[in-house]
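Here the structure is a predicted model, which means the values were calculated and not measured.
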Amino acid sequence: MDTDKTKIQSLIDNHQGLKKNLIAILLDIQENFNYLSPESLRVVAKALDMPLIDIFGVATFYRAFSLTPRGKHMCLVCMGTACHVRGGPKILEEIERKLDVAPGENTKDGQFTLETVACLGCCAIGPVVVVDGEYHGHATIRKIGPILAKYQKPEAS
Amino acid sequence: MAGKKKLRIQDLAKIREKTKSLMTIREGEGRARVTVHMGTCGIAAGARDIMDALLDEISKAKVQDIIVTTSGCAGLCSAEPMATIELKNQPPVKYGDLTPEKIKKIFVQHILGGQMVTELVLAVGSETVY
Amino acid sequence: MITFRMNGLDVKAEEGWSVLETAKFYGLEIPTLCFNEGLTPHGGCRLCLVEIGEGLKTKLVSSCTYPAEEGLVVRTDSKRVWAARRMMIELMLAMAPGSKVLQDMASRFGVTQVRFTSRNKECVLCGLCVRMCAEQMDAKAIGFQKRGLNRKISTPFDMRSEECRLCGACMYICPVCQLRCQGPNAEGVLCNGCLTMDPSCLDHYDDLQCWMYDAGRCGTCVREKT
Amino acid sequence: MKHYRAHLLVCAGTGCVSCGSFKIKEALEKEIKKRKLQDEVQVVATGCNGFCERGPIVLVQPDGIFYQLLTVEDVPLLVEEHLLKGRPVKKLMYVPPDEKQPVPKMKDIEFFKHQRLIVLRNRGRIDPEKIEEYIAFDGYEAMGKALAEMTPETIIAEISASGLRGRGGAGFPTGRKWAACAKEKRTPKYLICNGDEGDPGAFMDRSVLEADPHAVLEGMVIGAKAIGAVKGFIYIRHEYPLALKRVEIAIAQARDNGLLGEDILGAGFNFDLEIVEGAGAFVSGEETALIASVEGKIAMPRQRPPFPAQKGLWGLPTVINNVETWATVPNIIRRGADWFQGLGTESSKGTKIFSLVGKINNTGLVEVPMGITLRDVVFGIGGGIPKGREFKAVQIGGPSGGCLPAKLLDLPIDYESLTAAGAMMGSGGMIVMDDKTCMVDIAKYFLNFLQDESCGKCVSCREGTQRMWEIVRDITEGKGKESDLPLLEELAQVCKDASLCGLGQTAGNPILSTLQYFRHEFEAHILDKRCPAGVCTKLIRYVVLSEKCTGCLSCKKACPTEAITGSLKEVHSIIQTKCIKCGACQEACRFEAIESQRDEAIQVI
């Protein structure tokens with residue numbers, strides 16, 4: 001869409017259209033559109049006068065970027081060492097079972113995207129699950145159901 | 001904040017002087033510690049007014065390394081409002097039946113001057129805050 | 001001129017030469033895979049490793065990217081270098097057993113086992129094609145994507161690239177595509193049909209003692225194939 | 001600024017914020033207003049206090065009373081009792097494990113008692129979003145001194161004499177790095193602050209950036225003068241939104257006050273800073289990869305030499321130091337190299353920050369002098385292992401480090417001792433493990449992390465970490481062979497030897513150190529097909545201990561696959577064929593009646 005294109009162009013302009021700000025530009029697009037569409041990458045390539053393949057390389061290298069649209073709710077499970085020794089993997093398994101989804105994927109209904117993260121730096125409250133930016137510390141297998149249910153609720157009209 | 005005056009090296013010291021005394025409290029240190037007793041009895045007897053007067057004096061005198069705390073009932077309700085003054089390396093001194101005027105005098109003479117206001121003293125060195 | 005020592009010899013190098021270039025100039029053979037004279041060095045295949053330094057503080061570096069430095073001490077065929085090289089070949093063979101280049105290399109360096117399950121990706125990610133496309137063909141149609149296990153070489157979105165002119169240079173330079181080894185059968189990934197060299201001297205010395213560098217064709221030091 | 005009789009210092013580090021400390025702050029402000037104390041009591045949001053286990057935390061000064069694990073409901077009581085009536089609230093204070101009496105004052109708590117705060121000197125003391133508060137505690141004094149009284153040579157001499165070594169992991173002498181860059185003729189020169197803290201289980205840099213951003217800025221200006229740089233970049237990973245925000249505010253304030261930009265402090269020196277946000281790649285922590293990332297490219301390391309000091313950002317001389325290193329610099333300039341020399345050991349000077357996490361009572365961030373023993377940190381400051389369990393190992397140095405066993409607890413913490421023991425200082429992650437941690441599983445965890453984070457350039461690192469991970473994964477699934485262990489050692493060694501950058505060169509450490517100290521656990525998995533710690537799902541079986549089971553039905557309700565039978569007040573049992581080993585029953589049981597049985601071999605089909 002043209003409006004999207006304008007928006008992307010303004011994000012690029014925010015960073016003076018400089019090649020060195022490619023990562024910052026892509027982070028902004030990711031934040032605004034929830035993913036990096038093929039179209040957006042082409043726009044960036046053109047604006048920065050860079051080969052598409054270079055931009056594609058950067059977009060697939062860093063973890064912060066997603067080339068497919070993400071679900072409505074972002075469910076992040078911390079896989080840091082501290083969370084790991086405190087039972088993080090069991091929490092992740094439970095979420096995988098509950099949502100029927102593997103890390104990095106969206107649920108069939110498009111409600112959730114499940115992602116793992118290497119460390120959030122709040123090891124004291126591990127294992128940690130973050131949904132839509134809200135931290136749920138000291139997670140247990142039994143807490144997962146209620147946590148997810150909070151977001152699964154049909155939109156209150 | 002834009003267009004603010006740029007600092008020079010000597011300004012840093014000035015800011016430090018000005019703010020440091022306000023901040024010593026964060027380290028739990030100061031030249032004097034004043035404890036205003038604020039049990040139910042103390043408040044009823046007017047401890048709030050004592051506190052207000054004291055804080056007022058402190059800011060007027062621009063000496064800011066004085067720590068003001070509160071405590072509960074000191075067990076001598078008849079002598080409320082009370083306050084305890086502790087100068088560095090000296091035993092605590094307890095004053096009773098205070099009024100805003102009295103605390104002002106204590107502030108000037110004892111806290112700043114280092115001289116006990118003997119006629120108002122209840123006890124010396126008896127108890128600590130905790 | 002830079003002077004340094006290589007395998008006990010004093011060698012001279014021009015400013016800007018790499019250790020590999022200097023070795024080539026002196027006729028010392030260092031095996032390479034991801035290196036090609038017309039392209040910028042990549043340092044990915046780790047076959048051209050050499051040992052630098054002296055005493056206890058030595059380390060392995062890729063000679064294609066390491067600059068010739070004054071006073072450097074280099075050994076191109078130490079025990080440690082060979083151990084690493086053999087492992088690189090073994091790891092790469094498990095990725096692309098069809099590559100004749102790799103099978104020959106295995107034979108030459110006496111790699112007689114592949115202890116990993118074959119992935120058979122038909123690509124060792126040496127990046128020759130990527131550099132060929134960008135540097136010689138000036139097309140930039142293909143490139144590296146992702147990282148770690150998922151790293152691959154492809155076009156953007158895995159679709160036919162607008163930049164690609166179907167010149168075929170990428171296939172021409174590929175060490176897996178260009179020649180297929182006819183050797184390996186269904187049982188294993190290793191051919192060893194041309195196994196020639198397993199130098200017995202490395203059992204006794206820290207460095208290879210052979211100056212022929214010709215796949216042991218003289219035959220004197222080669223052990224019986226087991 | 002105004003004189004308040006009490007300051008409430010609310011910890012606003014990520015740990016406490018995650019537990020709701022901003023809500024506590026709001027509630028405090030509201031309650032204080034309600035009680036008309038707003039002119040007497042100030043509420044301040046500070047950086048991380050360190051004692052993250054006990055968040056949210058409020059420290060009341062000048063009394064020094066430490067309140068912990070607060071909820072919004074506790075606030076009215078706290079305000080009324082402590083601030084109005086002057087009675088500290090016992091029930092909100094910290095009670096050490098195995099004790100009954102609370103410890104009211106922060107300075108008396110074991111966790112804080114043994115620390116030596118230098119880099120973290122302002123933590124929990126100042127509002128990191130107010131430059132005046134940083135200045136009040138001698139902030140920017142060192143910078144003033146460096147700009148007005150020192151030459152680049154004397155600055156470098158001072159840093160060299162102090163013996164400061166890089167806090168990012170490898171421990172390269174900072175003075176030497178600066179001197180090498182200062183020597184370069186080409187300009188412009190650049191500075192980079194490496195805040196891409198990727199080690200899982202480590203959050204030192206995050207905490208410094210959040211609690212005292214100006215210290216990093218000040219250190220960088222001093223460094224800029226030393227090498228003659230005009231521009232600096234602070235690289236912060238995007239997983240740290242709070243750190244990003246605080247540094248952004250700090251830079252803006254410093255610029256407004258003439259502490260950054262042109263003619264700093266009127267001393268005729270120009271230098272400015274820019275934030276670069278990372279996009280999530282562990283390898284970006286490597287200095288050449290970080291440079292590539294700042295340039296907007298894939299974070300792929302390159303061969304050194306040339307070192308960044310010669311050819312760094314855009315091919316120009318660049319000094320890269322870690323956050324902690326930059327934050328240490330002003331302290332050295334202000335207090336002198338001799339003072340810094342006096343701290344620590346012969347070869348490792350000063351203090352180091354560690355994040356103490358895992359199976360430990362006092363999780364948090366600690367700053368200790370170099371040379372302190374592991375035992376003092378784990379048991380003295382950390383308060384030992386929860387539930388009186390047995391200490392098994394401590395993992396130091398993140399994915400590049402190693403696991404050290406109980407017999408090495410008296411090892412002094414310095415660069416050389418750790419490396420000799422097979423671990424590494426790294427950036428300072430310290431993960432404590434108890435007897436319920438499986439070391440094979442830990443090795444698998446790190447290898448999985450590394451194979452995913454490897455940039456993929458070197459065959460040795462990309463394929464090496466992947467193959468090691470596959471082998472260890474098979475071992476945890478009961479498919480291990482005896483020949484696996486020598487192969488793992490060979491691979492780890494080659495990966496160390498042959499890889500280009502620090503990631504690959506240290507990728508063998510976790511496996512080598514676990515093999516060195518915990519070989520018997522690998523052997524139990526391979527030969528006996530059992531997991532002694534009861535962790536590896538494929539090698540354990542959940543069983544109900546009949547003598548402990550009260551028949552309360554909790555586990556039955558928790559089981560997602562209806563694998564548990566038994567009725568009320570009757571010993572339950574688990575149908576193994578239905579069990580998916582999710583562990584829900586074990587978690588649900590309040591009587592520790594469910595064991596992950598590990599003594600007997602599990603046949604893997």
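Neither the backbone nor the side chain of Val130(A) comes within contact range of chain D, judged by heavy atoms closer than 4.5 Å. Contact of Ile431(D) with chain A is made through the side chain alone, with heavy-atom distances under 4.5 Å. Proximity to chain A (any heavy atom under 4.5 Å) is shown, for Cys455(D), by both the backbone and the side chain. Proximity to chain A is absent for every atom of Val276(D), based on heavy atoms less than 4.5 angstrom apart. For Ala24(A), no part sits under 4.5 Å from any heavy atom of chain D, backbone or side chain. Contact annotation for Phe282(D): neither backbone nor side-chain heavy atoms come within less than 4.5 Å of a heavy atom of chain A. Heavy-atom distances place the backbone of Ile360(D), and not its side chain, under 4.5 Å from chain A. There is no contact between Gln395(D) and chain A, counting heavy-atom distances below 4.5 Å. Glu274(D) touches chain A through its side chain: at least one heavy atom from C-beta onward sits under 4.5 Å away, while N, CA, C and O do not. Residue Asn362(D): no heavy atom, backbone or side chain, is found under 4.5 Å from chain A. For Glu295(D), the part lying near chain A is the backbone, with the side chain staying farther off; criterion is any non-hydrogen pair under 4.5 Å.
One finds the NZ atom of Lys297(D) at 11.0 Å from the CG atom of Leu22(A) (value rounded to the nearest 0.5 Å). Taking OG1 of Thr81(A) as the start and CD1 of Ile442(D) as the end, the distance is 7.5 Å to the nearest 0.5 Å. For the atom pair Ile580(D) CD1 and Glu93(A) CD, the distance stands at 8.0 Å (nearest 0.5 Å).
If you check the side chains of Ser293(D) and Tyr62(A), you find a donor sitting under 3.5 Å from an acceptor.
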Practice problem: Show your reasoning for whether side-chain contact (heavy atoms from CB on, under 4.5 Å) applies to Leu27(A) and Glu277(D). | Solution: CA-CA 9 Å; Leu27(A) 278 170; Glu277(D) 191 176 337; 3.8 Å; yes
Practice problem: Check the pair Arg63(A), Glu453(D) against side-chain contact (heavy atoms from CB on, under 4.5 Å), reporting the backbone distance first and the verdict last. | Solution: CA-CA 10 Å; Arg63(A) 204 178 255 278; Glu453(D) 294 291 345; 3.9 Å; yes
Exercise. Under the side-chain contact (heavy atoms from CB on, under 4.5 Å) rule, what do Phe203(D) and Cys123(A) come out as? Steps first, then yes or no, please.
Key: CA-CA 8 Å; Phe203(D) 50 100; Cys123(A) 311; 3.7 Å; yes
Exercise. Let me see the working for Cys19(D) and Ile125(A) under side-chain contact (heavy atoms from CB on, under 4.5 Å), right down to the final yes or no.
Key: CA-CA 8 Å; Cys19(D) 298; Ile125(A) 56 167; 3.4 Å; yes
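When each of Asp441(D), Thr14(D), Val283(D) is scored by its heavy-atom pairs under 4.5 Å with chain A, the top score falls to Asp441(D). Per-residue counts of heavy-atom pairs under 4.5 Å with chain D were compared for Pro89(A), Ala82(A), Cys122(A), Gly121(A); the largest is that of Gly121(A). Across His138(A), Glu94(A), Arg97(A), the residue that shares the most heavy-atom pairs under 4.5 angstrom with chain D is Arg97(A). Of the listed residues (Gly20(D), Pro200(D), Gly278(D), Gly280(D)), the greatest number of heavy-atom pairs within a distance under 4.5 Å of chain A belongs to Pro200(D). In terms of non-hydrogen atom pairs under 4.5 Å with chain A, the most contact-rich of Gly296(D), Ala279(D), Ala281(D) is Ala279(D). When Gly364(D), Gly358(D), Gly15(D) are compared by the number of non-hydrogen pairs under 4.5 Å with chain A, Gly358(D) comes out ahead. Per-residue counts of heavy-atom pairs under 4.5 Å with chain A were compared for Cys16(D), Ser207(D), Ala299(D), Gly13(D); the largest is that of Ala299(D).
The two residues Cys119(A) and Ala202(D) have their closest heavy-atom pair at SG-N, 4.3 Å.
No side-chain heavy atom of Asn448(D) sits less than 4.5 Å from a side-chain heavy atom of His84(A). The closest side-chain heavy-atom distance from Cys582(D) to Lys90(A) is not below 4.5 Å. Taking 4.5 Å as the limit, some side-chain heavy atom of Trp314(D) sits within range of a side-chain heavy atom of Lys20(A). Using a 4.5 Å heavy-atom cutoff, the side chains of Val117(A) and Glu239(D) are in contact.
Salt-bridge check for Lys143(A) with Glu587(D): failed, with every basic side-chain N at 4.0 Å or more from each acidic carboxylate O.
The neighbour count for Glu31(A) CD, taken as heavy atoms of other residues, nucleotides or ligands under 6.0 Å away, does not exceed 12.
Counting only residues at least two apart or on different chains, the side-chain hydrogen bond (donor to acceptor under 3.5 Å, both in side chains) pairs with a member in residues 114-133 of chain A are His73(A)-Asp132(A).
Tested against Arg86(A), the residues Thr437(D), Thr363(D), Val357(D) include a single side-chain contact (heavy atoms from CB on, under 4.5 Å) partner, Thr363(D).
Counting only distance, with no hydrogens or angles, the side chain of Tyr445(D) and the backbone of Met79(A) share a donor-acceptor pair below 3.5 Å.
Proximity to chain A at a heavy-atom threshold of 4.5 Å picks out Cys52(D), Glu53(D) from residues 50-57 of chain D, in numerical order.
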